[in-house]
Amino acid sequence: MEDLRDLYQTVILDHNKKPRNFGVLEDADCRADGNNPLCGDKLTVYLKLDHDIVTDIRFDGMGCAISTASASLMTESVRGKKREEIDAIFARFHDLVTKAPGEVTDGSDLGKLGVFSGVREYPVRVKCATLSWHTLQAALDESGEITTTE
Ligand code: ZN
């Protein structure tokens with residue numbers, strides 16, 4: 001279990017140091033801003049869509065290690081996916097970071113996103129881990145409004 005924890009830590013630190021898909025997507029079809037005032041995390045998610053399929057995605061902004069790593073891994077897991085597939089992944093991810101161990105799987109069905117299973121032990125970090133997902137949904141809804149976790 002300790003080894004697994006170390007591995008998870010390593011993945012999160014790696015994605016925080018070298019976030020994937022980081023930067024502005026100039027010709028984005030839609031975008032949304034997200035804000036987690038509790039921690040000070042702020043990010044913007046940019047999307048290119050082909051009907052309801054995310055063909056390209058980027059994010060930028062500033063936040064803590066959890067929010068940055070979560071956004072990085074989120075962009076990797078939703079590219080090429082349809083809206084309904086994305087909603088399903090987010091629902092499982094949300095369960096992973098909010099429900100008690102035993103109530104949900106260990107996250108192995110979520111691939112790399114499973115590294116956030118430890119977040120449920122730190123309730124204030126849940127908003128950091130889910131900010132990019134809420135912002136992604138706002139971009140998909142093309143609401144254009146600022147998403148806040150409050
Ligand atoms: Zn944070």
Side-chain angles (χ1 to χ4, degrees), residues 1-26 28 30-48 54 56-81 83 85-150:
M1 194 60 203
E2 280 304 310
D3 289 349
L4 196 60
R5 229 162 239 267
D6 287 348
L7 172 71
Y8 286 178
Q9 198 72 20
T10 305
V11 173
I12 290 170
L13 291 176
D14 174 54
H15 277 263
N16 177 48
K17 219 194 269 179
K18 292 176 294 187
R20 318 303 196 263
N21 306 305
F22 187 83
V24 177
L25 191 57
E26 296 294 350
C30 47
R31 51 166 283 179
D33 296 316
N35 183 19
N36 173 19
L38 209 65
C39 177
D41 309 317
K42 280 186 181 177
L43 53 86
T44 303
V45 171
Y46 307 87
L47 296 176
K48 267 190 89 66
V54 173
D56 203 1
I57 179 166
R58 303 268 169 84
F59 80 101
D60 70 355
M62 279 186 71
C64 66
I66 299 283
S67 72
T68 302
S70 178
S72 174
L73 283 154
M74 179 277 285
T75 59
E76 286 197 325
S77 32
V78 304
R79 176 177 279 135
K81 298 241 171 25
R83 173 80 201 246
E85 293 174 291
I86 292 168
D87 286 347
I89 296 169
F90 179 40
R92 299 214 312 274
F93 179 73
H94 197 265
D95 280 352
L96 179 75
V97 297
T98 55
K99 295 202 171 161
E103 272 188 81
V104 288
T105 65
D106 57 4
S108 52
D109 61 325
L110 280 168
K112 276 193 205 165
L113 293 173
V115 300
F116 293 97
S117 61
V119 166
R120 60 189 162 208
E121 290 166 42
Y122 307 94
V124 300
R125 291 290 176 202
V126 169
K127 288 177 176 177
C128 303
T130 55
L131 176 65
S132 61
W133 288 91
H134 286 296
T135 310
L136 166 66
Q137 291 199 312
L140 285 167
D141 290 339
E142 291 185 288
S143 66
E145 287 167 17
I146 291 178
T147 303
T148 172
T149 53
E150 290 304 290

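Heads up: numbering here begins at 1 and tracks the sequence. Both counts, for ligands and for their atoms, begin at 1 and track the order of listing.
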Subject >> Contacts of type ring-ring contact (aromatic ring centres under 6.0 Å, His included), residue Y46, not counting sequence neighbours >> reply: none
Subject >> Residue list, salt bridge (Lys or Arg N to Asp or Glu O under 4.0 Å) with R58, at least two apart or on another chain >> reply: D56
**OP:** Everything protein-side that's N, O or S and under 2.8 Å from the Zn ion (ligand 1): list it, residue and atom.
**Re:** C39 SG, D41 OD1, D41 OD2, C64 SG, C128 SG
Original post:
Among all residues two or more places apart in sequence or in another chain, which pass the salt bridge (Lys or Arg N to Asp or Glu O under 4.0 Å) test with R83?
Top reply: D87, D141
Subject >> Passing option when V78 is tested against V45, N21, L47, I57 for side chain to side chain contact (heavy atoms under 4.5 Å, CB included) >> reply: I57
**OP:** Return the orientation label for the F116 and F93 ring planes: parallel under 30°, perpendicular over 60°, tilted otherwise.
**Re:** perpendicular
Original post:
Going through the checks in order, is the side chain to side chain contact (heavy atoms under 4.5 Å, CB included) test met by R120 and K99?
Top reply: CA-CA 7 Å; R120 60 189 162 208; K99 295 202 171 161; 5.7 Å; no
